[in-house]
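Numbers here are sequence positions counted from 1.
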Amino acid sequence: LTWYCDGSVIDGKWAAIRCAGFGIAAVSSQGDLLAYGIGWPFSWCDTAASAEAWVLSHCPFVPSIRTDCQALLTTALAGNASATHHGRPLARVWARIAHIVDGDIADLVSSGKVVWMPAHKTHLAIGSVHLSNGVPLSATDWRANRLVDCLAKAAAKSLAAPRDVAAFLRSADAAA
């Protein structure tokens, strides 16, 4: 079973109306879609990366997961001390992940549990671009990533402020 996740943020420039969501899908080793869904992290998770890290921090175990957020891999590879440092914006999320892993979070990447995949590519990328573990992008990877991207956007949009509010803020920002 492989999990695919993606995060999305709407109106990220304005903290008062910013909202994040994530999409997740579970795919069998044969490429069958077994489950999918959307969710919303706490409001202090204000980036797409934080929405994806939120998913990991709420798993009772760390599944085999594919993400298009390279920041997750970079942070995990830096290890527990760096990821959970009090100056890091997602320190509390990474502290939860470190607790679940019961070890160094860098092992998530080195063991192949968390793998980065390129996103927003055409179908021509299938087989010609590679994941962080060196495996070529498969049709299942490509399709699952497109699905979770749509799900994450739908989750964030479901909480978004009315268009008039966002338009007013953009107008006021331009005027200022």
Side-chain angles (χ1 to χ4, degrees), residues 1-15 18-27 29 36-121 125 128-138 140-142 144-153 155-156 159:
L1 189 67
T2 300
W3 291 21
Y4 294 82
C5 73
D6 199 9
S8 183
V9 172
I10 303 291
D11 295 321
K13 187 173 181 177
W14 299 284
R18 178 185 308 132
C19 49
F22 60 84
I24 189 162
V27 178
S29 57
Y36 63 92
I38 62 174
W40 305 270
F42 285 149
S43 61
W44 51 264
C45 288
D46 57 2
T47 65
S50 65
E52 291 189 43
W54 179 261
V55 172
L56 280 176
S57 74
H58 282 77
C59 294
F61 61 92
V62 179
S64 175
I65 194 161
R66 300 247 162 89
T67 176
D68 63 9
C69 181
Q70 199 158 27
L72 287 182
L73 264 70
T74 303
T75 302
L77 280 171
N80 290 1
S82 175
T84 62
H85 185 270
H86 65 84
R88 301 285 295 218
L90 299 178
R92 68 175 109 169
V93 175
W94 284 106
R96 286 180 60 118
I97 295 168
H99 178 73
I100 292 165
V101 171
D102 195 25
D104 193 345
I105 58 175
D107 294 340
L108 291 172
V109 179
S110 62
S111 70
K113 283 284 198 180
V114 178
V115 175
W116 172 83
M117 60 180 294
H120 311 292
K121 304 282 187 193
S128 63
V129 299
H130 293 83
L131 311 182
S132 62
N133 61 1
V135 174
L137 181 73
S138 70
T140 300
D141 293 330
W142 182 79
N145 183 257
R146 290 173 63 90
L147 171 64
V148 294
D149 183 58
C150 288
L151 292 170
K153 285 178 170 71
L159 299 177

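Residues passing the salt bridge (charged side-chain N to carboxylate O under 4.0 Å, His left out) test with Arg18, sequence neighbours excluded: Asp46. Every residue meeting the side chain to side chain contact (heavy atoms under 4.5 Å, CB included) condition with Ile100, not counting sequence neighbours, appears here in chain and number order: Val62. Qualifying salt bridge (charged side-chain N to carboxylate O under 4.0 Å, His left out) partners for Asp68, counting only residues two or more places apart in sequence or in other chains: none. Remark: Thr140 pairs with no residue by the side chain to side chain donor-acceptor pair (under 3.5 Å) rule, at least two apart or across chains. Looking at residues two or more places apart in sequence or on another chain, you find no side chain to side chain contact (heavy atoms under 4.5 Å, CB included) involving Ala48. Residues meeting the side chain to side chain contact (heavy atoms under 4.5 Å, CB included) test with Cys150, sequence neighbours left out: none. Checked against side chain to side chain contact (heavy atoms under 4.5 Å, CB included), Leu72 has the following partners two or more places apart in sequence or in another chain: Glu52, Ala53, Thr67, Cys69, Trp94. With sequence neighbours left out, the side chain to side chain donor-acceptor pair (under 3.5 Å) criterion links Ser138 to Asp141.
Within the 4.5 Å cutoff, the side chain of Leu108 has heavy atoms near those of the Ile97 side chain. Side-chain contact check for Phe22 versus Cys5: every heavy-atom pair is 4.5 Å or farther apart.
Considering every non-hydrogen atom in both Leu151 and Gly37, the closest pair reads CD1-O, 3.8 Å. Here the closest heavy-atom approach between residue Ala20 and residue Leu159 is recorded as O-CD1, 4.2 Å. Considering all non-hydrogen atoms of both residues, Trp3 and Cys59 come closest at CZ3-SG, 3.4 Å. Taking all atoms of both residues into account, the shortest heavy-atom contact from Ala152 to Gly7 is CB-C, 3.8 Å. In plain terms, the two heavy atoms of Ala155 and Ile38 that are nearest each other are CB-CB, 3.8 Å. The minimum heavy-atom distance between Trp40 and Gly21, with the atom names listed, is CD1-CA, 4.3 Å.
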| task | Given side chain to side chain contact (heavy atoms under 4.5 Å, CB included), test Asn145 with His120 step by step and report yes or no. | result | CA-CA 8 Å; Asn145 183 257; His120 311 292; 5.5 Å; no
| task | Could you walk me through whether Ile65 and Leu56 pass the side chain to side chain contact (heavy atoms under 4.5 Å, CB included) test, one step at a time? | result | CA-CA 9 Å; Ile65 194 161; Leu56 280 176; 4.1 Å; yes
| query | Going through the checks in order, is the side chain to side chain contact (heavy atoms under 4.5 Å, CB included) test met by Thr2 and Ser64? | reply | CA-CA 5 Å; Thr2 300; Ser64 175; 4.0 Å; yes
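Residues in residues 57-82 take part in these ring pair (Phe, Tyr, Trp, His ring centres under 6.0 Å) pairs, two or more places apart or across chains: Trp54-His58. Legend: side-chain hydrogen bond (donor to acceptor under 3.5 Å, both in side chains) pairs involving residues 99-113, not counting sequence neighbours: none detected.
The line from CD1 of Ile105 to OG of Ser82 is 8.0 Å long, rounded to the nearest 0.5 Å. Atoms CG and CE, from Leu137 and Met117 in turn, are 5.0 Å apart once rounded to the nearest 0.5 Å.
When each of Asp6, Leu147, Val55 is checked for a side-chain contact (heavy atoms from CB on, under 4.5 Å) with Ile24, only Val55 meets the rule. Paired with Trp116 under the rule side-chain contact (heavy atoms from CB on, under 4.5 Å), one option of Leu131, Leu73, Val109, Asn133 passes, and it is Leu73.
A donor-acceptor contact shorter than 3.5 Å links the side chain of Ser128 to the backbone of Ala125. Remark: side-chain polar atoms of Arg66 are not paired, donor with acceptor, to backbone N or O of Tyr4 under 3.5 angstrom.
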Per-pair distances, 0.1 Å, donor-acceptor, side chain in residues 83-93, under 3.5 Å, sequence neighbours excluded:
from: Thr84; atom 1: OG1; to: Asn80; atom 2: O; distance (Å): 2.6
from: His85; atom 1: ND1; to: Gly87; atom 2: N; distance (Å): 3.0
from: Arg88; atom 1: NH2; to: Thr75; atom 2: OG1; distance (Å): 3.3

